[in-house]
Amino acid sequence: MRTDYDKLIPKGVIFNLKQIEEMGIIKIDMAKKLIYKGQIEVVKIGSKLHLSRTELIRYLECNTIPAIS
């Protein structure tokens, strides 16, 4: 069974780190580590960091380990 992140993540273009943490996906500290390591692409608007919905789904899909059935 494959997780369908497209259905799980709310519709939107970009999310700030606080919104992503409130969704229960990635904590802000972890997101910042991923950003500074270059593992996740962000958009900087003013002083705030935002992730596109597409990038968030890409990251989750690339880091999902399938269950053994």
Side-chain angles (χ1 to χ4, degrees):
M1 181 179 187
R2 186 175 165 102
T3 304
D4 188 358
Y5 292 110
D6 191 49
K7 290 182 182 177
L8 293 175
I9 297 175
K11 299 296 179 194
V13 178
I14 59 173
F15 302 102
N16 64 38
L17 299 184
K18 185 176 180 183
Q19 290 172 313
I20 293 169
E21 183 175 61
E22 288 171 353
M23 286 184 239
I25 299 173
I26 304 172
K27 294 201 177 280
I28 292 173
D29 291 340
M30 182 62 182
K32 286 182 179 179
K33 286 179 186 176
L34 294 170
I35 292 164
Y36 296 125
K37 287 182 176 181
Q39 295 181 357
I40 220 169
E41 184 177 272
V42 295
V43 176
K44 189 170 183 178
I45 301 174
S47 62
K48 298 213 180 218
L49 299 171
H50 297 76
L51 275 79
S52 70
R53 183 173 187 274
T54 305
E55 178 65 6
L56 188 55
I57 291 171
R58 182 206 61 80
Y59 175 78
L60 291 172
E61 287 177 343
C62 287
N63 290 283
T64 297
I65 300 169
I68 300 171
S69 43

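Throughout, numbering of the chain's residues begins at 1 and tracks the sequence.
- Sequence neighbours left out, not one pair with a member in residues 33-43 passes side-chain hydrogen bond (donor to acceptor under 3.5 Å, both in side chains).
- With sequence neighbours left out, E55 forms a side-chain hydrogen bond (donor to acceptor under 3.5 Å, both in side chains) with R58.
- Residue pairs meeting the salt bridge (charged side-chain N to carboxylate O under 4.0 Å, His left out) criterion with at least one member in residues 19-30, sequence neighbours excluded, do not occur.
- Residues meeting the side-chain contact (heavy atoms from CB on, under 4.5 Å) test with L8, sequence neighbours left out: T3, Y5.
- By the side-chain hydrogen bond (donor to acceptor under 3.5 Å, both in side chains) test, S52 is found to be paired with no residue, residues two or more places apart in sequence or in another chain being considered.
- Closest heavy-atom contact between L17 and K32: CD1-CG, 3.9 Å.
- I20 places none of its side-chain heavy atoms less than 4.5 Å from the side chain of I28.
- Rounded to the nearest 0.5 Å, atoms CG (N63) and CD1 (I40) are 8.5 Å apart.
- The closest side-chain heavy-atom distance from F15 to I25 is not below 4.5 Å.
- Put simply, CE on M23 and CG on L56 are 6.5 Å apart, with the number rounded to the nearest 0.5 Å.
- Considering only residues two or more places apart in sequence or on other chains, K11 meets the salt bridge (Lys or Arg N to Asp or Glu O under 4.0 Å) condition with D6.
- At a threshold of 4.5 Å between non-hydrogen side-chain atoms, the residues L51 and I26 do not count as touching.
- In this view, I45 and I14, V43, H50 satisfy the side-chain contact (heavy atoms from CB on, under 4.5 Å) rule, not counting sequence neighbours.
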